[in-house]
Amino acid sequence: MRPARRLGSAAPAVLLTAVLAGCSGATGEEGGEPKLGPVEVNPATAALSFPMDAYTDSDAERSRMGQVQQTLVSRCMARYGFTYEGAKAAAPSGGGAAEDRHRYLFGLADPVYAAAHGYDKSAGEGAPTKPPAPQLSDSAHLVMYGEQRGASGAPVPDANTEEEAATVDSGLTAAGQKVPAGGCGREGYRKLYAPTKDSVDLLFAFGLASEAHERSRQDSRVVDVLKKWSTCMDKSGYGGIGTPYEVIEKLGLENDKGGPKAVTAAKADVACKREVNLVGIWGAVEKAYQERLVEEHAETLALYKKQREARFKLAASLGR
């Protein structure tokens, strides 16, 4: 039987503030399932906002930081007499449109995109091209990577931070100067992301977001909505699929993600997500777990945010 009222695109934009109350006896208790804030009805993924967003770079910001790192590497190489431009950083995709950073967090969720492209994430963007790596002479290779070309055996002397690098001897010289530990490639990275011994790991925020996602997948409210989505998919002719992440593999669509078969499946997938409000419920649960982790790691995240802001100031000082 189908529900009396389908939560489709015509549903009013209201907030279900207590719909999921009581789904778990442990909800809100220390170490148990957290209480939820407002649960939106079929929100667009572009409208989703999570606590960890404040600590993670957008595509444009990642591209900018890539350019900054490249500039730092080029300046290092210049100290040894080499002109090094590096590979040109690829421009962020999207053609200037607002970034939808959570577009596929819960699998495909856009009915318009599903009907037009199925599961083909690259539709309309063209084949990505990776620029060739610059050709380096043997001496330039030594300065860039901190080792002789073709060297093998003992690990190359390196350092986790630029502060530590000041005490590490690479054992190599070029143009009458010591080559930095790990070469200019590592120096550029350290100056941007790990200048001091208290530098927080670049992937720390990403790790917390990933942990929150994994916790949310075990939450009883997400388990419940996934069962409902799976039942809906079964009724649509796609049985045996437990989560949205399995659809492509289970249906054998790896080599034709945008073909007619994929489009038909994608339309059913998104329709079922909307019928059970998967994005609204899962998004609220994931947000609650992120909030808990932000509170637990408040001190480290404050330092991480301060260091992230310092990277943007460095970028501005370099004209980036």
Side-chain angles (χ1 to χ4, degrees), residues 20 23-24 26-40 43-66 68-69 92 98-107 109 160-164 189-226 243-245 278-315:
L20 302 180
C23 286
S24 169
T27 299
E29 297 178 3
E30 183 67 25
E33 295 183 350
K35 292 181 179 179
L36 304 187
V39 179
E40 298 184 37
T45 52
L48 294 176
S49 177
F50 296 102
M52 293 308 304
D53 292 349
Y55 305 94
T56 54
D57 290 347
S58 65
D59 284 347
E61 288 168 337
R62 280 192 291 272
S63 177
R64 182 187 182 195
M65 289 301 104
V68 172
Q69 186 174 345
E99 180 185 347
D100 185 353
R101 63 171 68 186
H102 305 301
R103 186 175 189 178
Y104 296 106
L105 182 59
F106 309 120
N160 292 322
T161 69
E162 192 63 8
E163 187 174 348
E164 179 188 344
Y189 174 88
R190 290 191 300 259
K191 283 189 172 182
L192 180 59
Y193 293 114
T196 59
K197 62 183 179 181
D198 68 346
S199 297
V200 181
D201 191 289
L202 175 61
L203 296 178
F204 180 73
F206 174 80
L208 289 184
S210 297
E211 182 178 346
H213 185 65
E214 288 307 308
R215 290 186 184 185
S216 75
R217 292 184 66 170
Q218 307 304 317
D219 188 280
S220 64
R221 295 157 292 193
V222 172
V223 171
D224 179 65
V225 79
L226 282 173
T243 76
Y245 311 125
L278 184 144
V279 174
I281 293 171
W282 200 342
V285 173
E286 181 137 342
K287 183 175 183 179
Y289 280 102
Q290 285 199 16
E291 288 171 343
R292 176 178 287 180
L293 287 172
V294 167
E295 184 176 351
E296 291 175 358
H297 299 276
E299 185 175 348
T300 304
L301 284 171
L303 180 59
Y304 183 89
K305 189 172 185 179
K306 181 179 179 181
Q307 293 172 355
R308 181 169 176 260
E309 291 168 350
R311 290 195 283 272
F312 290 126
K313 289 181 180 178
L314 175 59

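The residues of the chain are indexed from 1 along the displayed sequence.
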Tell me if the CD atom of Glu214 is crowded by more than 12 foreign heavy atoms within 6.0 Å.
yes
For residues 190-204, the salt bridge (Lys or Arg N to Asp or Glu O under 4.0 Å) pairs (sequence neighbours left out) are Asp158-Arg190, Glu162-Arg190, Glu187-Lys191
Suppose we screen for salt bridge (charged side-chain N to carboxylate O under 4.0 Å, His left out). Which residues come up paired with Glu211, at least two apart in sequence or across chains?
Arg215
ring-ring contact (aromatic ring centres under 6.0 Å, His included) against Phe50, all qualifying residues, sequence neighbours excluded
His102
May I ask you to test the Pro34-Glu291 pair for a side-chain heavy-atom distance under 4.5 Å?
no
Which atoms form the tightest heavy-atom contact between Lys35 and Ala288, and what is the distance?
O-CB, 3.6 Å
Decide yes or no for Glu296 and Leu293: does some side-chain heavy atom of the first lie under 4.5 Å from some side-chain heavy atom of the second?
yes
Answer yes or no: is there an ion pair linking Asp224 with Arg221, defined by an N-O contact shorter than 4.0 Å?
no
Does the side chain of Glu309 come within less than 4.5 Å of Lys305's, by heavy atoms?
yes
Would you mind reporting whether Glu286 and Leu105 have side-chain heavy atoms less than 4.5 Å apart?
yes
Between Ser58 and Asp53, is there a side-chain heavy-atom distance shorter than 4.5 Å?
no
Any side-chain heavy atom of Val285 sitting closer than 4.5 Å to one from Val225?
no
To the nearest 0.5 Å, how far apart are CG in Leu192 and CE in Met65?
6.0 Å
Just by distance, do the side chain of Tyr304 and the backbone of Ser199 share a donor-acceptor pair under 3.5 Å?
no
Sequence neighbours excluded, the answer for ring-ring contact (aromatic ring centres under 6.0 Å, His included) partners of Phe204 is His297
Under 3.5 Å donor-acceptor, Ser210 side chain and Phe206 backbone
yes
Can you check whether Val279 reaches Glu40 side chain to side chain, under 4.5 Å on heavy atoms?
no
Closer than 3.5 angstrom, by distance alone: can the side chain of Ser216 be matched with the main-chain N or O of His213 as a donor-acceptor pair?
yes
Heavy atoms of other groups near Tyr245 OH, more than 12 under 6.0 Å:
yes
Among all residues two or more places apart in sequence or in another chain, which pass the ring-ring contact (aromatic ring centres under 6.0 Å, His included) test with Tyr189?
Tyr193
Please examine the side chains of Phe106 and Leu48, heavy atoms only from C-beta on, and report whether any two atoms are closer than 4.5 Å.
yes
Please give me the minimum heavy-atom distance between Ala212 and Gln290, naming the atom from each residue.
CB-CG, 3.5 Å
Identify the heavy atoms of Met52 and Leu208 that sit nearest to each other, and give their distance.
CE-CB, 4.1 Å
Find the distance between CG (Leu36) and CG (Asp219) and round it off to the nearest 0.5 Å.
7.0 Å
Pro38 versus Ala284, closest heavy-atom pair with distance
O-CB, 4.0 Å
If you look at every heavy atom in Val39 and Gly280, which pair is closest and at what distance?
CG1-O, 3.6 Å
When every non-hydrogen atom of Lys287 is compared with those of Pro51, the smallest separation belongs to CG-CD, 3.9 Å
With Tyr289 via ring-ring contact (aromatic ring centres under 6.0 Å, His included) - residues at least two apart
none
As a test of understanding, state which of Arg311, Arg308, Arg101 forms a salt bridge (charged side-chain N to carboxylate O under 4.0 Å, His left out) with Asp57.
Arg308
